[in-house]
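Note sheet for the following structure.
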2 protein chains.
Amino acid sequence: MLTGVKEIARRANVSTGTVDRVLHNRTGVSEATKNKILAIMKELDYQPNILARRLASKKVLRFASLIPSVSAETEYWDAPIKGIEMAEAEIKQFGIVIDKYFYDQNDKQSFVKQSNNILKTPIDGILVAPIFIEESLAFSKLCNLKKIPQVFINSDIPNESRLSYIGPDLFQSGHLSAHMVNYLVASGDKILIVNISKEIDSYHHLMRKEEGFIAYFKDHQKKVKIIKTDITPDTDYPSVAKRLTEVLTEHTDVKAIFVTNSRVFSVAQFLQKTNQEHIFLVGYDFLPGSIEHLKNGVIDFLICQKPQEQAYKGIMALYQNVVLNGDVEPTYFMPIDVITKENYTSYRN
Amino acid sequence: MLTGVKEIARRANVSTGTVDRVLHNRTGVSEATKNKILAIMKELDYQPNILARRLASKKVLRFASLIPSVSAETEYWDAPIKGIEMAEAEIKQFGIVIDKYFYDQNDKQSFVKQSNNILKTPIDGILVAPIFIEESLAFSKLCNLKKIPQVFINSDIPNESRLSYIGPDLFQSGHLSAHMVNYLVASGDKILIVNISKEIDSYHHLMRKEEGFIAYFKDHQKKVKIIKTDITPDTDYPSVAKRLTEVLTEHTDVKAIFVTNSRVFSVAQFLQKTNQEHIFLVGYDFLPGSIEHLKNGVIDFLICQKPQEQAYKGIMALYQNVVLNGDVEPTYFMPIDVITKENYTSYRN
DNA sequence: CTGAAAGCGCTTACAG
DNA sequence: CTGAAAGCGCTTACAG
């Protein structure tokens with residue numbers, strides 16, 4: 001009452017409609033009245049009532065999400081969908097709808113196509129997992145031109161003007177993995193790093209983890225031998241098994257294996273089938289297949305970064321910015337969680 | 001339009017005021033019209049518009065929080081306050097205010113007094129850390145009589161009708177601690193469990209962790225010797241140091257120490273001062289003093305359970321129930337987080 | 001037991 | 001460039 005648009009209008013000797021115009025930075029207000037109103041707003045420290053605003057406005061706000069589609073090999077992306085849906089349920093009463101777009105993680109063109117589809121629609125905010133660097137950068141630029149705020153999850157793109165990144169600090173997560181492995185090995189032991197990925201592009205992502213892992217042992221008193229192998233482009237189980245057989249035949253003394261992504265379940269499967277469960281195994285992500293191997297002891301640790309929460313927080317960051325006009329942290333590193341046989345039951349992915 | 005109170009009123013041939021009366025289960029409506037309106041609501045699957053409701057209603061909703069006050073020894077309780085304030089900032093636009101009450105963790109009477117103070121005010125929901133079992137039970141009963149929903153954090157009270165418990169699964173967290181210690185010790189090693197607490201009552205809480213810890217090694221192939229000591233009622237540093245000196249003089253071969261609460265920082269301090277950093281150390285909670293000792297390697301692991309998020313979620317659960325009339329999970333176990341030198345920087349307490 | 005009217009704090013056409 | 005009026009979907013007195 002003492003601070004609403006009515007009061008501002010009264011003090012400025014204008015109608016509430018005019019106040020509303022400057023509030024939303026719309027055209028059709030003289031500089032003079034605009035400045036007068038702005039001054040009064042500042043004086044009153046005017047805070048719009050979001051309830052009233054959303055109730056009065058019939059305009060629905062549209063957010064779009066663009067993430068990889070779920071497949072047998074990319075079950076991981078189930079969690080972000082859930083996160084998006086949770087956020088949607090929470091904010092739909094504010095007149096927000098979320099259009100969900102998916103692309104094929106192994107096909108850049110599908111990303112380009114879907115991002116173009118999004119830009120054809122009127123959209124107020126975008127949540128995207130920018131797996132393909134160049135294509136994502138191009139998309140981001142178009143969004144900036146249209147002044148559409150973007151939030152990135154899962155991995156970041158360097159040097160780009162997005163609203164926020166919400167996801168892992170990849171280097172640190174590799175570092176932590178090494179720290180965990182450090183408890184399992186002795187000086188002189190041999191450690192194998194395994195990257196499993198179809199797309200060369202995704203390597204950027206995995207490489208950061210590998211770097212963090214190697215950096216840990218570089219200046220550590222415990223000296224270990226680190227070897228590595230990339231399994232690409234074929235990543236089906238037979239390909240994984242074939243390569244691991246080769247490597248582990250050449251290096252019969254591998255004490256621990258670090259897999260840089262969720263494909264750790266394939267490696268676990270292999271170790272189990274070949275009775276090599278004595279090799280310590282550390283990998284990524286909270287997937288049913290991996291949890292099974294955590295239970296039966298083939299996998300020792302999983303590093304997880306709450307993909308569901310990443311997406312949830314991503315949508316809420318858009319909401320915070322677009323609906324509440326609030327500030328958003330430009331970079332929000334998710335906690336790096338260590339999952340073991342002992343705590344997986346209460347883990348919220 | 002097709003589903004609001006107006007439409008219901010039209011179909012039932014009554015005014016919106018009457019619809020509002022049955023909506024809020026107020027008196028002064030004949031059974032007949034009430035049933036008619038109820039039927040139409042069900043038919044339409046009527047969902048009230050929360051925005052409109054909160055905007056129209058001038059009634060503010062009051063939640064109360066009742067947790068231990070912060071002191072040098074109980075810095076831990078800083079985090080829940082932050083969580084409460086975060087939630088408050090988020091929901092105050094819905095006309096919710098939160099009254100914060102504090103009690104002395106070492107004084108049951110202060111809990112009784114503060115809980116009585118709360119009940120003197122008109123309150124719509126309560127968040128409480130029920131450290132004192134009997135007093136909390138009594139308080140809970142009074143709340144139930146007044147139909148005030150209660151959410152518990154930090155620790156649960158058995159067999160009581162609360163809206164929700166949000167906090168650790170204590171037994172499991174002890175179990176996980178043992179799992180971590182297991183990586184650090186060998187068969188035959190000696191492990192010391194340390195409970196540090198002023199109030200005997202708090203032991204219930206610590207005992208559950210101890211039980212989980214011991215249970216882990218009970219049916220484990222690796223046989224270890226577990227000894228324990230309780231430091232009570234004096235818990236200042238000199239008392240801790242004195243007792244540890246005694247124990248570690250008697251048992252010169254202790255390989256690892258498990259402290260069942262945040263007082264691990266006192267133990268760390270002692271180990272550092274007495275040059276016994278070679279003893280592995282595992283404890284609880286993300287406090288600055290402990291983080292320092294995590295950094296310099298005196299503490300190996302901290303087990304944390306996001307006290308800030310517990311309180312945040314607790315308030316949001318009340319909001320969910322009271323404002324949105326939504327369902328709330330009766331028990332929500334927080335993830336059991338493992339914090340090390342490697343991942344503490346990105347941990348959100 | 002029930003209804004008519006005003007109002008919550010905004011936004012939205014429409015008219016000038 | 002600006003204002004008057006209606007309306008978003010509820011709740012709140014007040015009158016009967």
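Owing to the predicted nature of the structure, the values given are computational and were not obtained by experimental measurement. Side chains included, hydrogens not; waters and symmetry mates left out as well; all remaining heavy atoms used. A note on names: the letters A, B, ... follow the listed sequences, proteins ahead of strands, and every chain is numbered from 1.
Inspection of the A:D327 and A:Q320 side chains reveals no N or O donor paired with an N or O acceptor under 3.5 Å. Residues B:K120 and B:N117 have side chains that bring a donor and an acceptor to within less than 3.5 angstrom of each other.
At whole-Å resolution of the value, CD in B:E7 and P in D:dC10 are 11 Å apart. In this structure, A:I37 places its CD1 atom 13 Å from P of D:dC1, rounding to the nearest Å. Nucleotide C:dC8 holds its P atom 18 Å from the CD1 atom of A:I50, rounded to whole Å. Regarding A:H24, its NE2 atom lies at a distance of 19 Å from the P atom of D:dC1, rounded to whole Å. Distance CG (A:L44) to P (C:dG9): 13 Å, rounded to an integer number of Å. Separating the CD atom of B:Q47 from the P atom of D:dC10 is a distance of 11 Å, rounded to the nearest angstrom. Atoms CG (B:L55) and C1' (C:dA6) sit 14 Å apart, rounded to a whole Å. One atom, CG of B:L51, and another, P of C:dC8, lie 17 Å apart when rounded to the nearest Å.
Base contact: A:R21 has a heavy atom under 4.0 Å from a base atom. Within the nucleic acid shown, B:L23 comes within 4.0 Å of sugar-phosphate atoms alone, with no base atom in reach, counting heavy atoms only.
With a cut-off of 3.5 Å on both Watson-Crick or G-U wobble distances, the partner of C:dG3 is given as D:dC14.
Checking D:dT12, D:dC8, D:dA5 against the side-chain heavy atoms of B:K58 singles out D:dT12 as nearest. Side-chain proximity of A:T18 to D:dG3, C:dG3, C:dT12: nearest is D:dG3. Closest to the side chain of A:A52, from the set C:dC1, D:dT2, C:dG9, is C:dG9. Here the side chain of B:N49 is nearest to one of D:dG9, C:dG3, D:dA4, namely D:dG9. Out of D:dG3, C:dT12, C:dC10, the shortest distance to the side chain of A:R53 is found at C:dC10. Closest to the side chain of B:A56, from the set D:dT2, C:dG7, D:dC8, is C:dG7. Distances from the side chain of A:Y46 to the nucleotides C:dT2, C:dT12, C:dC10 place C:dC10 closest.
At the phosphate of D:dT12, OP1 or OP2 sits under 4.0 Å from a side-chain N or O atom of B:S57. Between B:K6 and D:dC8 there is a side-chain polar atom (N or O) within less than 4.0 angstrom of OP1 or OP2. For the OP1/OP2 pair of C:dC1 and a distance below 4.0 Å, the side-chain nitrogens and oxygens of B:T33 include no atom meeting the criterion. For the OP1/OP2 pair of C:dC1 and a distance below 4.0 Å, the side-chain nitrogens and oxygens of B:R26 include no atom meeting the criterion.
With salt bridges taken as basic N to acidic carboxylate O contacts below 4.0 Å, none links A:E134 and A:K108.
Ring-centre distance between B:F63 and B:Y319: not below the 6.0 Å cut-off. For B:Y76 and B:F286, the ring centers are positioned 6.0 Å apart or more. The distance between the ring centers of B:Y332 and B:Y165 does not fall below 6.0 angstrom.
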